[in-house]
Amino acid sequence: MKKIISWLIRFVPRKYLQRVGGFGLKAVATFFYRGSAVTCPVCEYSYRSFMPYGRINPRPNALCPNCLSLERHRLIWLYLHERTNFFQSKLHVLHIAPEACFIKRLEKIHGDYYITADIESPLAKVKMDIHEIPFTANTFDAVLCNHVLEHVRDDIQAMSEIYRVLKPGGFAILQVPFFNPIPEVTFEDNTITDPREREKVFGQDDHVRKYGHDYPKRMERAGLKAIEDNFVNDLPEETRKKFGLVKGETLYKGVKV
């Protein structure tokens with residue numbers, strides 16, 4: 001199973017996986033993952049474990065076969081519930097590169113104020129280049145933009161656009177991947193064009209940078225107040241196990257002050 005999933009996410013374009021990936025996984029889970037040791041807080045389905053996920057070395061206990069949430073999605077879901085007003089009020093939300101596990105659930109909460117956008121995803125309502133967000137300044141209460149910035153030409157410009165469209169006091173969740181060893185300074189090199197070499201250097205062949213410990217400073221260069229929240233470490237160990245969360249995963253929030 002690990003090898004199959006690894007091959008699919010390495011070589012099948014994301015836009016196709018988003019359309020059909022869930023059907024096969026649900027069928028497999030029905031037979032092989034039945035149980036109650038873990039529960040996805042997003043869809044509330046339980047299994048004996050989550051499925052493995054990853055391009056080269058698949059992580060165990062990572063993927064919910066029902067809604068396709070990963071560790072970061074479950075962490076964000078819990079964080080928004082416990083540390084923000086995201087689920088208590090109808091907010092104007094921009095969701096960039098929307099994850100399948102979130103879309104219908106967030107539409108139900110925020111209605112027409114929930115806008116999904118992407119440059120190519122078939123799941124998004126608006127086709128959009130993150131470098132030129134087609135909305136006026138001070139429009140959104142919240143922006144969700146997870147594992148996107150490592151793909152884009154200019155992440156500072158992209159975050160500056162997010163800053164522009166946020167209302168004063170609004171926030172953005174801006175998760176990016178970190179690969180060990182984490183450099184002190186974010187590394188970029190556009191001369192590396194071979195896909196396998198890019199995968200080796202940046203973690204994936206479609207990444208254009210390897211983020212370092214300076215990521216919060218990059219957020220601040222875009223105008224955002226960077227908040228590094230270790231929310232997951234405050235949760236009891238049994239809660240992390242139940243929801244398949246990774247201790248030590250920092251949640252990055254940018255606030256427009």
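None of these values were measured; they are calculated from a predicted model.
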- Value rounded to 0.5 Å, distance of CD in Glu132 from CD in Gln157: 7.0 Å

- Message: Give me the atom names and distance for the closest heavy-atom approach of Cys40 to Cys67.
- Response: SG-SG, 3.6 Å

Would you mind writing out the side-chain donor-acceptor pairs for residues 122-131 within the sub-3.5 Å range, not counting sequence neighbours?
unit_1	atom_1	unit_2	atom_2	d
Lys125	NZ	Tyr114	O	2.9
Asp129	OD1	His131	N	2.9
Asp129	OD1	His131	ND1	2.8
His131	NE2	Asp154	N	3.0

Is there a side-chain contact between [X] and [Y] (heavy atoms, below 4.5 Å)?
X      : Y      : answer
Cys64  : Arg74  : yes
Arg83  : Asp234 : yes
Phe202 : Phe179 : no
Lys241 : Val38  : no

More than 12 foreign heavy atoms under 6.0 Å from [atom1] of [X]: is that the case here?
X      : atom1 : value
Gln88  : CD    : yes
Asn190 : CG    : no
Asp112 : CG    : no

- Relative to each other, are the rings of Tyr45 and Tyr47 parallel, tilted or perpendicular (30° and 60° limits)? parallel

Could you pull out all donor-acceptor pairs under 3.5 Å where a side-chain atom in residues 244-255 meets a protein atom, sequence neighbours excluded?
unit_1	atom_1	unit_2	atom_2	d
Thr250	OG1	Asn230	OD1	3.3
Lys253	NZ	Tyr79	OH	3.2

- Note on the structure: Those residues at least two apart in sequence (or on a different chain) that pass side-chain hydrogen bond (donor to acceptor under 3.5 Å, both in side chains) with Glu82 are none

- Message: Please report whether the ring centroid of His213 lies less than 6.0 Å from that of Phe178.
- Response: no

- Message: Before we go on, tell me: are the rings of Phe86 and Trp77 under 6.0 Å apart, centre to centre?
- Response: no

- Task: Consider only side-chain N and O atoms of Asn61 and Ser49, and report whether a donor and an acceptor are under 3.5 Å apart.
- Result: no

- Linking I/L/V/M/F/W/Y whenever any side-chain heavy atoms sit under 4.5 Å apart, do Ile133 and Ile156 land together? yes

- Could you go through the side-chain hydrogen bond (donor to acceptor under 3.5 Å, both in side chains) check for Tyr113 and Asp141 one step at a time? CA-CA 10 Å; Tyr113 289 99; Asp141 300 292; over 6 Å; no

